[in-house]
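Each residue takes its place number in the sequence, starting with 1.
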Amino acid sequence: MEGYESVVLIKQEVFVYKIPPRTTNRGYRAADWNLNEPAWSGRLRMVSKGASLEVKLEDKTTGQLYAKCPIEAYPGVAIESVSDSSRYFVLRIQDDNGRSAFIGIGFGDRSDSFDMNVALQDHFKWVKNQEQIEKEKTEGPKEQLDLGFKEGETIKINMKIRREGQEGSARTGKARAGGTGLLPPPPSAPKQSPGSTGTSPAHKPTGLTTDWGEYTSSSSSTTDAANTSTTPTNSNWVQF
């Protein structure tokens with residue numbers, strides 16, 4: 001697979017600009033370029049061959065190579081974003097003799113620059129994963145923690161299990177604890193309606209039976225008291 005080139009990205013229109021040399025460490029700014037007069041325009045192709053990645057600027061019609069930019073890492077020196085726009089980048093192009101120069105490139109559509117960023121990130125993420133796989137093949141996987149029980153090891157768990165009847169007694173205890181502690185008041189005596197005939201506590205009702213016998217009505221008792229010659233009507237009394 002390392003002997004084959006794979007096309008990662010194609011953009012049909014890209015603009016190339018001559019940029020002034022950077023004199024400070026504040027980064028490149030696209031506003032310093034002559035954006036209205038690009039030095040060249042054509043097609044951008046990003047190809048990968050194994051872990052290596054290269055940006056090629058080619059003619060739209062003939063496919064003739066204008067410049068190429070090998071990229072070893074991103075972000076890195078080979079390709080940098082400008083500080084004042086997301087549509088422009090700085091490329092370090094190289095020829096077959098090893099000479100290098102810095103040029104500016106830009107896209108008319110912001111989505112094209114977004115696609116190039118994603119393609120760069122995906123490629124180097126894949127390279128990192130491949131390096132990790134090769135490292136595990138030679139060194140072996142990382143030692144994992146053994147969280148299993150050793151022979152003879154035990155574990156103790158304290159669990160509170162509520163038995164039948166305990167829940168009811170607990171609720172009763174809570175109800176008692178939450179009460180006021182006062183006894184309930186005694187029941188009130190039944191009230192009589194105004195039309196009912198009540199009995200005076202000073203007089204016993206007619207025909208009421210006690211331990212001493214049966215009393216007559218209060219009217220007959222009053223008449224007997226006034227007339228001393230009249231004998232009581234109660235047959236249970238002894239006459240002297």
Does Ser52 reach the side chain of Lys49, with side-chain heavy atoms less than 4.5 Å apart? yes
Can you list every pair that meets side chain to side chain donor-acceptor pair (under 3.5 Å) and has a residue in residues 78-90, with sequence neighbours left out? Ser86-Arg110
In short, Gly104 meets Ile19 closest at the heavy-atom pair N-CG2, 3.7 Å
NZ/Lys128: more than 12 non-hydrogen atoms of other groups inside 6.0 Å: no
Indicate, with yes or no, if Ile103 and Tyr28 share a hydrophobic cluster defined by side-chain heavy-atom contacts under 4.5 Å among Ile, Leu, Val, Met, Phe, Trp and Tyr. no
Between Asn129 and Gln132, do the side chains contain a donor N or O and an acceptor N or O under 3.5 Å apart? no
Test of understanding: clusters of I, L, V, M, F, W, Y form through side-chain heavy atoms closer than 4.5 Å, transitively. Do Ile93 and Leu120 belong to the same one? yes
For Ser48 and Val8, which heavy atoms make the closest approach, and how far apart are they? OG-CG2, 3.6 Å
Ser111: what forms a side chain to side chain donor-acceptor pair (under 3.5 Å) with it, not counting sequence neighbours? Asp109
I would like to know whether Glu58 and Arg45 meet side-chain contact (heavy atoms from CB on, under 4.5 Å); could you show each step before the answer? CA-CA 8 Å; Glu58 302 170 342; Arg45 279 199 317 134; 2.8 Å; yes
Say you draw a straight line from CG of Leu44 to NZ of Lys56; how long is it, rounded to the nearest 0.5 Å? 11.5 Å
Do Tyr74 and Phe107 belong to the same hydrophobic cluster, where Ile, Leu, Val, Met, Phe, Trp and Tyr are linked whenever their side-chain heavy atoms lie under 4.5 Å apart, directly or via other members? yes
If hydrophobic clusters are built from ILVMFWY residues whose side chains come within less than 4.5 Å, do Val90 and Leu57 share one? no
Strictly by side chain to side chain donor-acceptor pair (under 3.5 Å), give each pair with a member in residues 6-19 just once, sequence neighbours left out. Lys11-Asp112, Lys11-Asp115
Is there side-chain contact between Pro38 and Val16, with at least one heavy-atom pair below 4.5 Å? no
Can you list the residues that meet the salt bridge (Lys or Arg N to Asp or Glu O under 4.0 Å) rule with Glu131, with sequence neighbours excluded? none
Any Gln94 side-chain heavy atom under 4.5 Å of Cys69 side chain: no
Side-chain heavy atoms nearer than 4.5 Å, only ILVMFWY residues, links allowed to pass through others: does that put Val47 and Ile10 together? yes
Criterion side-chain contact (heavy atoms from CB on, under 4.5 Å) on Arg22 and Phe102, from CA distance to verdict: CA-CA 10 Å; Arg22 181 167 57 179; Phe102 289 92; over 6 Å; no
Is there a side-chain contact (heavy atoms from CB on, under 4.5 Å) between Arg92 and Ile79 once you walk through the steps? CA-CA 7 Å; Arg92 185 186 63 180; Ile79 179 169; over 6 Å; no
Quick one: which residue pairs count as a ring pair (Phe, Tyr, Trp, His ring centres under 6.0 Å) with a foot in residues 112-138, not counting sequence neighbours? none
Please lay out, stage by stage, how Phe89 and Asn117 fare under the test side-chain contact (heavy atoms from CB on, under 4.5 Å). CA-CA 10 Å; Phe89 301 86; Asn117 268 316; 3.9 Å; yes
Heavy-atom donor-acceptor pair, Asp59 side chain to Thr61 backbone, under 3.5 Å: yes
Can you name the nearest heavy-atom pair linking Phe15 to Ser41, along with the distance? CD2-CB, 3.8 Å
Roughly how far apart are Lys68 NZ and Leu91 CG, rounded to 0.5 Å? 14.0 Å
Report the C-alpha separation of Lys125 and Asp122 in whole Å, then their side-chain angles, then the decisive distance to 0.1 Å, and conclude whether the salt bridge (Lys or Arg N to Asp or Glu O under 4.0 Å) test is met. CA-CA 5 Å; Lys125 184 178 180 180; Asp122 288 347; over 6 Å; no
So with a 6.0 Å cut-off around CG of Asn97, is the heavy-atom count from everything else above 12? yes
Taking ring pair (Phe, Tyr, Trp, His ring centres under 6.0 Å) as the cut-off, I'd like each qualifying pair that reaches into residues 36-71, sequence neighbours left out, listed once. Trp40-Tyr66
